[in-house]
Every structure is written in C-alpha cells, then in structure tokens.
Student: 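Before anything else, here's the structure in question.
Remember, predicted model here, so these are calculated numbers, not experimental data. Just so it is clear: chains get the letters A, B, ... in the order the sequence lines come, proteins before strands, and each one is counted from 1.
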Amino acid sequence: MKFNAMTAVAAVMLAVPGVASAGPDDDKLIINGETEIVTKAPLPAHMEDLNMDMIMSGWHFRSDETQVLEMDDFDNPGMVFVEIAQEQWDTVEGSEGKSCASCHEGPESMTGVRAVYPKWNEDAGEVRTLAMQINACREENMGAEPYEYTGGQMANMEALIALQSRGMPVNVAIDGPAKETWEKGKEIYYTRYGQLELSCANCHEDNYGNMIRADHLSQGQVNGFPTYRLKNTKLNTVHGRFKGCVRDTRAETFTPGGEEFVALELYVASRGNGLSVEGPSVRN
Amino acid sequence: MKLSTTLLAATVLAASSAMAEPVAPADVQFDEYGAVAESLTGQPGDPENGAMVMKTKSIGNCISCHEITALNDAPFHGEIGPTLDGVADRWSEAEIRGIVSNAKNTYPGTMMPAYYKVDGFVRPGNAYTGKAPEGPLDPLLSAQQIEDVVAFLVTLKEQ
C-alpha cells in the first residue's frame with residue numbers, strides 16, 4: 001500500500017499547487033508566540049494495544065494556509081465569537097435575574113474546566129458534557145431558556161470556556177461512575193453504521209493520514225472544539241460534527257445532546273487525553 | 001376480469017423473455033470466494049457509463065477510495081483502497097462482479113461498501129439526509145450500473 005499511497009500523494013500535490021504536504025506534518029503549534037500546544041502525545045493507557053503510534057490533533061492534517069490561521073488570535077476567525085460570548089456571559093437572563101457572571105465572576109474562573117469534560121455529575125447521576133452543564137446552569141440557576149444544543153450561542157460560550165484552558169492537557173476521567181457511559185461510547189465508535197457500513201474507527205483509526213477523495217483524514221479528535229470551519233464559516237460543535245460524520249455513512253444520525261452522542265463524546269475525548277485543549281481551533 | 005388477467009400474464013411473459021428481470025440483491029449467487037459468475041442483468045455492460053458511475057460523487061464515488069489512472073480527468077482520487085490500475089490482470093470478470101456487488105464476501109471486514117445489498121444495516125438512513133428511510137432501501141448501484149462498472153474494470157489490463 002505504501003507505493004500506492006505515495007503516488008496518490010504525489011498526484012494530489014501536482015493537482016493542487018500550494019498544498020505543501022499531505023501527511024501529518026511535524027510543524028509546531030505555538031499560539032500568539034507564547035502558548036505552546038501539545039499536538040502529538042503518547043497513546044493514553046486505554047489505547048495502548050491499538051495499532052497507532054501516537055495521538056495527534058487535527059491541526060497536523062490541515063494545509064499550511066489553514067494551520068497558520070490558528071497561530072495568532074488576530075487571524076483566528078473563531079475569536080470573534082469569543083467576544084460575542086463575553087457579552088453573553090455578562091447578560092442577565094431568565095426569572096432569577098442572573099448572568100453567568102453573577103455566580104462565576106469572570107470567565108477566567110473557568111480555567112481547567114474544558115479539559116475535564118465530559119464529566120460525571122454526582123448530583124445529577126449522569127455524565128455531563130460542557131454543553132449540558134451550560135444549559136443546566138441556564139435552566140436551574142438562571143431560570144433561562146436552554147441554548148440550542150448545537151446552536152451559535154452554545155458554540156460561542158463553549159469557545160469562551162475552552163479558551164480559558166488553552167494549552168492545558170485534556171484529562172477526562174473514564175473510570176468510576178463514568179465507566180459505563182465510556183464503554184457505551186466505545187461501542188458506538190466501533191459500530192459500522194448506515195448503508196455504507198462505516199465506523200468512526202474505519203476512517204479515523206484505520207485511515208488517518210489517507211485521502212478520502214479531497215479530504216485528508218485526521219484522527220477525528222475533539223480537543224480543538226469548538227472549531228471554526230472555513231467550509232461553513234462558523235463555529236462548529238462536537239455533536240454537530242458527529243452528526244455530519246454519521247450522516248455521511250448514509251445512516252440515520254443520533255440526536256445532538258442525546259445519550260448516544262454524550263457517550264460517544266466522552267469516549268472520543270478520552271482518545272485525546274494528553275493533547276492540549278486547543279479551541280477555538282481552525283479547520284477546513 | 002378474467003380476460004384482463006390472462007392478458008396481463010401474457011404481456012409479462014412476453015416482456016420477460018425479451019429482457020429478463022435483473023437478479024434481485026437477495027438472489028445474487030456468490031461462490032465460496034465471493035465471485036458472481038452470472039451477469040445481474042443478462043445485458044452487456046457499457047464501459048463508458050461504468051467509468052462515469054465510478055467517478056461521479058453522487059453515484060458510485062469509487063475514486064473517493066481508489067486511484068485509477070484511466071479516470072484521471074476527474075480530480076481527487078483517494079488512497080483508502082488499492083489502485084485499480086491493472087485490476088483485470090488480478091481478478092476475473094466473475095470475481096470483479098462479486099467485489100463490486102458485495103466486497104465483504106471477498107474481503108471479510110473490508111471498508112469497501114456493498115453496492116448491491118439492501119438489508120442487514122445498522123441504522124440505515126434515507127440517503128445522505130441523516131433521517132430514517134421512508135421505505136425499503138435501493139441498492140447503492142442498480143444491477144445495470146454494476147454491469148457497466150464491471151465492463152469498464154475488465155478493460156483495465158496492464159499485461
């Protein structure tokens with residue numbers, strides 16, 4: 001397969017001048033010249049028997065032109081949404097007359113939060129994604145309407161919160177009470193859905209680094225979310241992306257925020273344990 | 001009523017002797033290695049249409065996974081599966097028909113989708129809408145499209 005892959009890479013490079021390299025590259029991601037992002041890390045213990053060398057951020061699979069947009073916040077189109085989220089943070093909404101700031105002061109109080117979500121919530125007796133926690137605060141503490149799960153306001157708020165942990169290692173817990181949900185997510189990851197009978201693993205474990213038509217397959221990591229995509233010029237949420245990938249197998253998708261995608265998010269996040277929180281990232 | 005039923009039966013008979021119904025997905029006869037000896041339609045395939053099916057994203061989309069020099073006029077060939085250059089030196093027509101109809105019989109567990117299969121899927125959807133299907137699924141390619149693709153692939157010889 002090596003030879004075939006090489007010729008295909010060469011063909012692609014000839015066809016698209018300006019695509020510097022198709023394989024995951026060795027570039028280093030340092031944001032604003034100061035925040036060093038760990039984009040390659042050893043396999044987490046639960047992945048050690050897989051046929052993979054290391055875990056890698058999706059940033060390595062993008063073209064130089066796309067990569068550079070994430071290296072400076074002035075160039076990162078996702079940062080506009082962080083500014084909007086700062087306003088959302090301070091806006092009083094709902095029956096209790098509160099904003100996020102009423103309980104949490106500034107967004108810097110969220111440092112470290114993104115890195116450990118999805119996370120078991122003892123009181124609720126469930127694994128909660130960051131989006132679920134944001135909506136729980138809105139409904140229970142503010143008496144406000146929940147954000148649409150994959151909507152713009154949710155993506156903005158996730159970007160603001162992710163930014164507070166930028167550069168910190170993803171470290172979601174998969175044992176204890178989270179284990180059952182994690183196992184369920186793992187099963188979904190390896191199930192071949194839809195009329196094309198493709199699993200997440202078919203594309204993102206067995207074929208990362210390979211081209212599928214014009215797309216360069218990454219490991220499908222979620223450490224960079226929310227992600228600004230040049231393709232749809234907006235911030236994209238994790239469950240929005242999962243939905244697109246499942247749809248592309250000609251399958252009936254699961255519901256964003258539903259238990260299957262929550263479990264899948266915990267499992268996929270755990271495959272990135274050790275990479276840095278990178279959001280809001282830039283992809284194509 | 002009697003007369004019209006007999007008439008109908010006669011018409012169907014006449015039609016089927018002129019052009020046989022394609023073999024239904026469930027009735028395709030795979031041998032133990034996954035090959036399919038009989039044409040799915042009894043009609044010769046059209047290699048030109050087969051090439052079109054293979055490179056069109058909304059139809060076969062084969063080049064999303066395979067590199068094929070003969071289809072280089074279409075951009076972006078993937079590298080998930082092997083190059084199909086010279087495929088007819090490696091496989092017979094029956095074997096190629098089997099691989100295109102349902103590659104899982106030739107290569108257990110392969111990532112290549114089954115193009116002539118309509119059931120046994122986990123959460124199949126209504127094409128690429130992400131929604132549940134509205135009725136029985138159509139195979140990814142019709143019997144004649146499969147024959148067209150086979151007719152094209154048997155021309156890919158290097159020796």
Student: Counting only heavy atoms from other residues, nucleotides and ligands, does the tally under 6.0 Å from CD of A:E183 exceed 12?
Tutor: yes
Student: To the nearest 0.5 Å, how far apart are CG in A:L217 and CD1 in B:I80?
Tutor: 5.0 Å
Student: Locate the shortest heavy-atom distance separating B:A114 from A:E197; write the atom from each residue and the value.
Tutor: CB-OE1, 4.2 Å
Student: Looking at NE2 of B:H77 and CD1 of A:I212, how far apart are the two atoms once the value is rounded to the nearest 0.5 Å?
Tutor: 14.0 Å
Student: Mind checking what makes side-chain hydrogen bond (donor to acceptor under 3.5 Å, both in side chains) contact with B:K131, not counting sequence neighbours?
Tutor: none
Student: Looking at B:P113, B:P124, B:P133, which one has more heavy-atom pairs under 4.5 Å with chain A than the rest?
Tutor: B:P124
Student: Does any part of the side chain of B:Y128, heavy atoms only, come nearer than 4.5 Å to the side chain of A:L196, both counted from C-beta?
Tutor: yes
Student: Can you confirm whether A:M211 sits close enough to B:S64 that some side-chain heavy atom of one is under 4.5 Å from a side-chain heavy atom of the other?
Tutor: no
Student: Would you give the length of the straight line joining atom CD of B:E79 to atom CG of A:N210, rounded to the nearest 0.5 angstrom?
Tutor: 4.5 Å
Student: Rounded to the nearest 0.5 Å, how far does CG of B:D138 lie from CD of A:Q195?
Tutor: 8.0 Å
Student: Might you point out which heavy atoms bring A:G194 and B:F121 nearest each other, and give the distance in Å?
Tutor: O-CD2, 3.7 Å
Student: For B:T110, is it the side chain, the backbone, both or neither that has a heavy atom under 4.5 Å from a heavy atom of chain A?
Tutor: backbone
Student: Please round to the nearest 0.5 Å and tell me the distance separating atom SG of B:C62 and atom CZ of A:R213.
Tutor: 9.5 Å
Student: Residues of residues 241-266 of chain A under 4.5 Å from chain B (heavy atom pairs)?
Tutor: A:R247, A:D248, A:R250, A:A251, A:E252, A:T253, A:F254
Student: Under 4.5 Å between any side-chain heavy atoms of B:V122 and A:R192, yes or no?
Tutor: no
Student: Side chain, backbone, both or neither: which part of B:K104 has an atom under 4.5 Å from a heavy atom of chain A?
Tutor: side chain
